[in-house]
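As the structure is a computational prediction, the values presented were derived from the model and not from experiment.
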Amino acid sequence: MATSSIMKNITVESKKGSQKLISALENADKKGSIEVSFTKKHREIRGSGIKELFKGL
(Lines give C-alpha, C1' and ligand atoms only; values in the text may rest on other atoms or scores of the structure.)
Protein backbone atom coordinates (compact mmCIF):
# COMPACT_ATOMS: atom_id res chain seq x y z
CA MET A 1 0.00 0.00 0.00
CA ALA A 2 1.30 3.42 -0.85
CA THR A 3 1.94 5.57 2.19
CA SER A 4 0.06 8.53 0.73
CA SER A 5 -3.16 6.52 0.67
CA ILE A 6 -3.23 6.35 4.48
CA MET A 7 -2.54 10.07 4.89
CA LYS A 8 -5.90 11.22 3.48
CA ASN A 9 -8.67 13.00 5.35
CA ILE A 10 -12.01 11.24 5.26
CA THR A 11 -15.50 12.51 5.94
CA VAL A 12 -18.08 10.22 7.50
CA GLU A 13 -21.57 11.51 6.86
CA SER A 14 -23.68 9.11 8.93
CA LYS A 15 -23.64 7.27 12.21
CA LYS A 16 -23.90 3.94 10.37
CA GLY A 17 -20.90 4.89 8.24
CA SER A 18 -18.85 5.77 11.30
CA GLN A 19 -19.76 2.45 12.93
CA LYS A 20 -18.66 0.57 9.79
CA LEU A 21 -15.36 2.46 9.71
CA ILE A 22 -14.62 1.75 13.37
CA SER A 23 -15.53 -1.92 12.92
CA ALA A 24 -13.24 -2.22 9.88
CA LEU A 25 -10.34 -0.60 11.75
CA GLU A 26 -10.84 -2.86 14.77
CA ASN A 27 -10.99 -5.98 12.59
CA ALA A 28 -7.86 -4.95 10.70
CA ASP A 29 -6.02 -4.45 13.99
CA LYS A 30 -6.77 -8.05 15.03
CA LYS A 31 -5.31 -9.54 11.84
CA GLY A 32 -1.65 -10.44 11.93
CA SER A 33 0.86 -10.38 9.16
CA ILE A 34 2.75 -13.34 7.82
CA GLU A 35 6.50 -13.58 7.35
CA VAL A 36 7.50 -13.64 3.69
CA SER A 37 10.60 -15.41 2.48
CA PHE A 38 11.90 -14.83 -1.03
CA THR A 39 12.64 -17.89 -3.13
CA LYS A 40 14.17 -15.98 -6.06
CA LYS A 41 17.29 -13.85 -6.07
CA HIS A 42 16.38 -10.18 -5.55
CA ARG A 43 17.79 -6.82 -4.60
CA GLU A 44 16.25 -3.69 -3.17
CA ILE A 45 16.46 -0.49 -5.22
CA ARG A 46 15.72 2.95 -3.83
CA GLY A 47 15.84 6.60 -4.89
CA SER A 48 18.33 7.31 -7.65
CA GLY A 49 18.68 3.57 -8.36
CA ILE A 50 15.07 3.54 -9.60
CA LYS A 51 15.75 6.49 -11.90
CA GLU A 52 18.85 4.73 -13.20
CA LEU A 53 16.87 1.54 -13.86
CA PHE A 54 14.32 3.37 -16.04
CA LYS A 55 16.71 5.88 -17.61
CA GLY A 56 16.70 4.26 -21.06
CA LEU A 57 12.91 3.98 -21.39
Side-chain angles (χ1 to χ4, degrees):
M1 175 189 293
T3 312
S4 63
S5 65
I6 62 170
M7 303 298 279
K8 304 284 183 185
N9 290 330
I10 59 166
T11 303
V12 180
E13 297 180 357
S14 69
K15 185 175 181 177
K16 186 174 182 179
S18 65
Q19 290 171 339
K20 284 184 176 184
L21 175 62
I22 292 168
S23 177
L25 292 172
E26 288 174 343
N27 287 336
D29 187 41
K30 293 175 188 171
K31 293 185 178 187
S33 59
I34 58 171
E35 186 67 30
V36 176
S37 60
F38 296 103
T39 58
K40 305 275 184 182
K41 186 176 179 180
H42 70 283
R43 62 184 175 150
E44 190 170 317
I45 303 174
R46 295 179 181 240
S48 61
I50 296 171
K51 291 178 184 176
E52 186 66 29
L53 181 67
F54 291 103
K55 187 168 83 172
L57 298 178

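Residues V12 and L21 approach most closely at CG2-CD2, 4.0 Å, considering heavy atoms.
Between K16 atom NZ and K20 atom NZ the span is 5.0 Å, to the nearest 0.5 Å.
With D29 contributing its side chain and L25 its backbone, the two residues share no donor-acceptor pair below 3.5 Å.
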